[in-house]
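No hydrogens, no waters, no symmetry mates; every other heavy atom, side chains included, goes into these values.
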Amino acid sequence: MAKLSREVLIKRFPWAAEVVPEVNESEGYFYDLDPWDFSQEQFKLLEQMFEEIDNWFKQRDLPVDVVVYRVANVLDSIHVELFSNVSEVHTIVKKYKQFSRDLIE
């Protein structure tokens, strides 16, 4: 089985690639994406989460309505910042965040 990574997951779920906001450099703001620093168990949870989100939309024959801004390891748990008008997507993300916390307990 191939080792999971950001590249592997983004290739499978292109909608999960982080959107980098446009910033005005003259205002002194900058925005760098965090590297995806996860264990393979956490990457597996991310894969399952993306799969569940993807399937939710496919089952309803809808385009994926998700904009991802950040995927990071925060205090050893998965942290995903995103925008979606679909409340079920937020419920799925919360569920997998808890699953990742359970990994460290």
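Comment: Glu47 engages Lys44 in a salt bridge, judged by a side-chain N to carboxylate O separation of less than 4.0 angstrom.
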Start with the C-alpha gap between Ile53 and Val93, add the side-chain angles, then the distance that decides, and say whether side chain to side chain contact (heavy atoms under 4.5 Å, CB included) holds. CA-CA 9 Å; Ile53 292 169; Val93 170; 4.2 Å; yes

Verdict with reasoning, Ile78 to Asn73, per side chain to side chain contact (heavy atoms under 4.5 Å, CB included): CA-CA 5 Å; Ile78 293 170; Asn73 186 337; over 6 Å; no

Could you go through Val80 and Met49, starting from their C-alpha distance and side-chain angles, then the distance that decides it, and tell me whether this counts as side chain to side chain contact (heavy atoms under 4.5 Å, CB included)? CA-CA 11 Å; Val80 179; Met49 180 181 68; 3.7 Å; yes

Residues Gln48, Phe99; criterion side chain to side chain contact (heavy atoms under 4.5 Å, CB included); working and verdict: CA-CA 11 Å; Gln48 291 169 355; Phe99 288 165; 5.6 Å; no

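Judged by distance alone, the side chain of Gln59 and the main-chain N or O of Trp56 form no donor-acceptor pair under 3.5 Å. Judged by distance alone, with hydrogens and angles left aside, the side-chain atoms of Arg101 form no donor-acceptor pair with the main-chain N or O of Lys97 at under 3.5 Å. Side chain of Ser84 to main chain of Asp65: a donor-acceptor pair is present (N/O by atom type, distance under 3.5 Å, no hydrogens or angles). Looking only at distances, a side-chain donor or acceptor of Gln40 sits under 3.5 Å from a matching main-chain atom of Leu4.
At a cut-off of 3.5 Å, with distance as the only test, a side-chain donor of Trp36 or Glu18 sits close to an acceptor on the other residue. Side-chain N/O atoms of Asp54 and Trp15 include a donor and acceptor closer than 3.5 Å. A side-chain donor-acceptor contact under 3.5 Å links His79 and Glu81.
There is no path of hydrophobic side-chain contacts, each under 4.5 Å, that joins Leu45 to Val74.
Here the side chains of Val71 and Arg6 are not in contact, with every heavy-atom distance at 4.5 Å or above. Side chains of Asp76 and Leu103 form no contact here, defined as non-hydrogen atoms less than 4.5 Å apart. By the 4.5 Å heavy-atom criterion applied to side chains, Phe57 and Val89 are counted as neighbours.
Taking a 6.0 Å sphere around CG of Leu75, one finds it holds 12 or fewer heavy atoms contributed by other residues, nucleotides or ligands. Around atom NZ of Lys58, no more than 12 heavy atoms belonging to other residues, nucleotides or ligands sit under 6.0 Å away.
Scanning all heavy atoms of the two residues, the minimum distance from Glu52 to Ile92 falls at OE2-CG1, 3.6 Å.
Rounding to the nearest 0.5 Å places CG of Leu46 at 10.5 Å from OH of Tyr96.
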